[in-house]
Participant: 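Could you have a look at this structure, given as structure tokens, before my questions?
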Amino acid sequence: MSPKGDRIDAKVGEPVTFIVTSDRAGGLHVHSSPEQTPEFKKGTTTIAVTVDKPGLVDVEEHESDALIAQLEVR
Ligand SMILES: [Cu+2]
């Protein structure tokens, strides 16, 4: 899965789009408050993540133990 831990600039209340391509179904774990757990399917899934508080938010995929990205939300 890519990116791997890249830092992505984001703005409060503005969606960041992830295009997930996977050979299995699964889910992301967005460490916002409250946390978000958008799911993806086998194949390509477009996921929009919106964070409504500033901060550094990890986006992980726990099954492969991957840090996908860090959203730097301002
Ligand atoms: Cu997590």
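For ligands, and for the atoms within them, numbers begin at 1 and follow the listed sequence.
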Participant: Going by side-chain hydrogen bond (donor to acceptor under 3.5 Å, both in side chains), name the residues that satisfy it together with Q36, two or more places apart in sequence or in a different chain.
Facilitator: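 Once residues adjacent in sequence are excluded, the partners of Q36 under the side-chain hydrogen bond (donor to acceptor under 3.5 Å, both in side chains) criterion are S32.
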Participant: So does R24 pair up with E39, basic N to acidic O under 4.0 Å?
Facilitator: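 No salt bridge links R24 with E39.
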Participant: Using side-chain hydrogen bond (donor to acceptor under 3.5 Å, both in side chains) as the criterion, list what pairs up with D58, not counting sequence neighbours.
Facilitator: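 Partners of D58 under the side-chain hydrogen bond (donor to acceptor under 3.5 Å, both in side chains) test: Q70.
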Participant: Do K11 side-chain atoms and V73 backbone N/O form a donor-acceptor pair below 3.5 Å?
Facilitator: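 Flag not set: sc K11 to bb V73 has no pair under 3.5 Å.
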Participant: Return all protein N, O or S atoms below 2.8 Å from the Cu ion (ligand 1), chain by chain in residue order.
Facilitator: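 N, O, S partners closer than 2.8 Å: H29 ND1, H31 NE2, E60 OE1, H62 NE2.
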Participant: Using 30° and 60° as the class limits, which term best fits the ring planes of H31 and H62: parallel, tilted or perpendicular?
Facilitator: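 Parallel, since the angle between the ring planes stays under 30°.
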Participant: Does anything in residues 41-52 pair up under salt bridge (Lys or Arg N to Asp or Glu O under 4.0 Å), and if so which pairs, sequence neighbours excluded?
Facilitator: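 Counting only pairs at least two positions apart or across chains, no salt bridge (Lys or Arg N to Asp or Glu O under 4.0 Å) contact touches residues 41-52.
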